[in-house]
Colleague: 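Starting off with a structure, shown below.
Computed over heavy atoms, backbone and side chain alike; hydrogens, waters and symmetry mates excluded.
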Amino acid sequence: MNQPSVRDTPAIQFNHVSCRFISPDGHATLALRDFSMSVAKGEFVAIVGPTGCGKSTTLSMITGLLKPTTGEVRVMGQPVDGIDPRIGFVFQADAVFPWRTVLENVAAGPLYRGRSKAAAHDLAHEWIRRVGLDKFAKHYPHQLSGGMRKRVALAQTFINNPEILLMDEPFSALDMQTRTLMQDELLQLWSGNAGSVVFVTHDLEEAIALADRVFVLSARPATLKNVYEIDLPRPRVTSEIRYEPRFVEISRQIWHDLREEVKIG
């Protein structure tokens with residue numbers, strides 16, 4: 001029998017994972033139940049489901065912040081054991097240091113990884129330029145708009161060339177126009193990075209516009225209800241792809257699945 005190559009090894013794999021929380025008063029809550037998911041190297045997947053179903057719990061288990069009660073989570077073929085430096089994060093709240101300039105925020109990762117100050121700043125300037133903030137390198141976060149801060153967060157993450165990128169509702173606080181621009185910015189950065197992305201969102205249209213596959217979770221305790229292949233061509237312009245007949249068809253199919261779970265939730 002042929003053994004799977006390293007290239008074929010999934011970037012992320014959940015094998016029949018269940019996760020149970022115990023509250024201070026001793027009450028047990030089952031967040032995930034017999035959940036299985038596989039994400040290929042270089043794949044962009046989105047996770048959707050009812051509010052509180054456990055979508056963010058999946059990200060916490062990939063990072064090692066949470067351990068499964070039963071089952072196993074693997075990253076690059078190995079069981080998760082603590083924080084993996086190959087993983088990058090972009091969450092809803094901006095993880096920027098308010099006392100540091102844009103340049104200092106973006107250079108923080110390379111400096112932490114042992115780069116010299118000059119090398120880190122050179123690399124940071126390049127990433128600041130890539131996200132369109134080259135005129136704002138000396139500004140502080142409070143001097144930036146929400147969309148600009150999110151660009152800083154993307155530069156902070158991609159400068160470290162993550163093999164896996166975890167995103168938890170990263171654009172939900174932005175207005176619709178800025179959100180659409182940031183979605184296109186993300187796709188452009190990801191296409192040059194070749195990493196795997198797990199993107200958690202409540203916005204079904206956002207999930208379809210971005211992802212290669214969309215995972216639909218059931219109401220809590222969440223399990224995998226369905227997986228949809230998003231056969232829309234790349235590269236995509238998210239503001240335009242939404243009007244394609246195939247996009248509308250996929251959206252209708254997934255919403256039919258998701259609506260049942262939202263009612264239960």
Side-chain angles (χ1 to χ4, degrees), residues 42 44 46 56 59-60 62-63 65 83-203 206-207 209-211 235-239:
F44 196 127
S56 298
L59 301 186
S60 295
I62 296 169
T63 64
L65 295 175
I83 302 296
D84 193 318
R86 296 171 294 182
I87 298 176
F89 315 86
V90 182
F91 297 119
Q92 183 174 352
D94 299 322
V96 295
F97 301 110
W99 60 90
R100 292 183 176 178
T101 64
V102 168
L103 175 63
E104 291 166 341
N105 266 289
V106 177
L111 284 170
Y112 180 76
R113 286 166 169 77
R115 293 284 191 103
S116 69
K117 184 176 180 180
H121 280 205
D122 285 346
L123 190 58
H125 275 298
E126 170 61 21
W127 276 98
I128 290 167
R129 183 194 62 77
R130 289 192 196 187
V131 298
L133 293 177
D134 44 314
K135 295 181 180 179
F136 299 90
K138 296 182 179 179
H139 284 60
Y140 289 88
H142 74 271
Q143 298 172 308
L144 306 177
S145 68
M148 294 166 76
R149 288 195 300 272
K150 195 60 66 177
R151 289 175 184 272
V152 175
L154 288 177
Q156 276 181 311
T157 303
F158 277 98
I159 195 173
N160 297 315
N161 196 30
E163 294 181 47
I164 294 173
L165 180 58
L166 307 179
M167 310 190 78
D168 193 354
E169 297 278 358
F171 308 140
S172 60
L174 302 177
D175 63 79
M176 182 55 68
Q177 294 89 341
T178 305
R179 186 172 186 165
T180 302
L181 290 174
M182 293 309 305
Q183 290 165 357
D184 288 333
E185 188 78 36
L186 170 61
L187 288 180
Q188 185 175 357
L189 293 174
W190 167 70
S191 68
N193 168 264
S196 304
V197 180
V198 180
F199 191 101
V200 166
T201 179
H202 284 92
D203 187 331
E206 180 175 60
L210 294 173
R236 298 176 192 166
V237 178
T238 60
S239 60

Colleague: Got a sec, which residues hit side-chain hydrogen bond (donor to acceptor under 3.5 Å, both in side chains) with D203, two or more places apart in sequence or on another chain?
Modeller: none

Colleague: Going by the rule side-chain contact (heavy atoms from CB on, under 4.5 Å), which residues pair with A137 if we only count those two or more places apart in sequence or in a different chain?
Modeller: L103, H125, I128

Colleague: Where do E206 and R179 land on the side chain to side chain contact (heavy atoms under 4.5 Å, CB included) test, with the steps shown first?
Modeller: CA-CA 9 Å; E206 180 175 60; R179 186 172 186 165; 3.1 Å; yes

Colleague: Which residues pass the ring-ring contact (aromatic ring centres under 6.0 Å, His included) test with F91, not counting sequence neighbours?
Modeller: F89

Colleague: Locate the shortest heavy-atom distance separating T157 from V90; write the atom from each residue and the value.
Modeller: OG1-CG2, 3.3 Å

Colleague: Identify the heavy atoms of P110 and A120 that sit nearest to each other, and give their distance.
Modeller: CB-CB, 3.8 Å

Colleague: Roughly how far, to the nearest 0.5 Å, is the CD atom of Q143 from the CZ atom of F136?
Modeller: 10.0 Å

Colleague: R129: which residues meet the salt bridge (Lys or Arg N to Asp or Glu O under 4.0 Å) condition with it, sequence neighbours left out?
Modeller: E126

Colleague: Please identify each residue that fulfils side-chain contact (heavy atoms from CB on, under 4.5 Å) with L181, with sequence neighbours left out.
Modeller: R151

Colleague: Quick one: side-chain contact (heavy atoms from CB on, under 4.5 Å) partners of A155, sequence neighbours excluded?
Modeller: V106, W127, V131

Colleague: Measure the shortest side-chain to side-chain distance between L186 and M167 over non-hydrogen atoms and say whether it is less than 4.5 angstrom.
Modeller: yes

Colleague: Taking all heavy atoms of V152 and all of V96, pick out the closest pair and write down the distance.
Modeller: CG1-CG1, 3.8 Å

Colleague: Once ring-ring contact (aromatic ring centres under 6.0 Å, His included) is applied, what residue pairs with a partner in residues 94-117 remain, sequence neighbours excluded?
Modeller: F97-W99

Colleague: With sequence neighbours excluded, tell me which residues meet salt bridge (Lys or Arg N to Asp or Glu O under 4.0 Å) with R86.
Modeller: D84

Colleague: Go through the structure and list residues passing side-chain contact (heavy atoms from CB on, under 4.5 Å) with A211, not counting sequence neighbours.
Modeller: F44, A46, V214

Colleague: Using the test side-chain hydrogen bond (donor to acceptor under 3.5 Å, both in side chains), find all partners of N161 that sit at least two apart in sequence or belong to another chain.
Modeller: N193

Colleague: Name all residues meeting the side-chain hydrogen bond (donor to acceptor under 3.5 Å, both in side chains) criterion together with R236; count only those two or more places apart in sequence or in a different chain, and write none if there are none.
Modeller: none

Colleague: Between L133 and M148, which heavy-atom pair has the shortest distance, and what is it?
Modeller: CD1-O, 3.6 Å

Colleague: Donor-acceptor pair, distance only, cut-off 3.5 Å: does the side chain of K150 make one with the backbone of Q92?
Modeller: yes

Colleague: What pairs of residues pass the salt bridge (Lys or Arg N to Asp or Glu O under 4.0 Å) test when at least one of them lies in residues 100-121, not counting sequence neighbours?
Modeller: none

Colleague: What heavy-atom pair brings G147 and L174 nearest, and what distance separates the two atoms?
Modeller: N-CD2, 3.8 Å

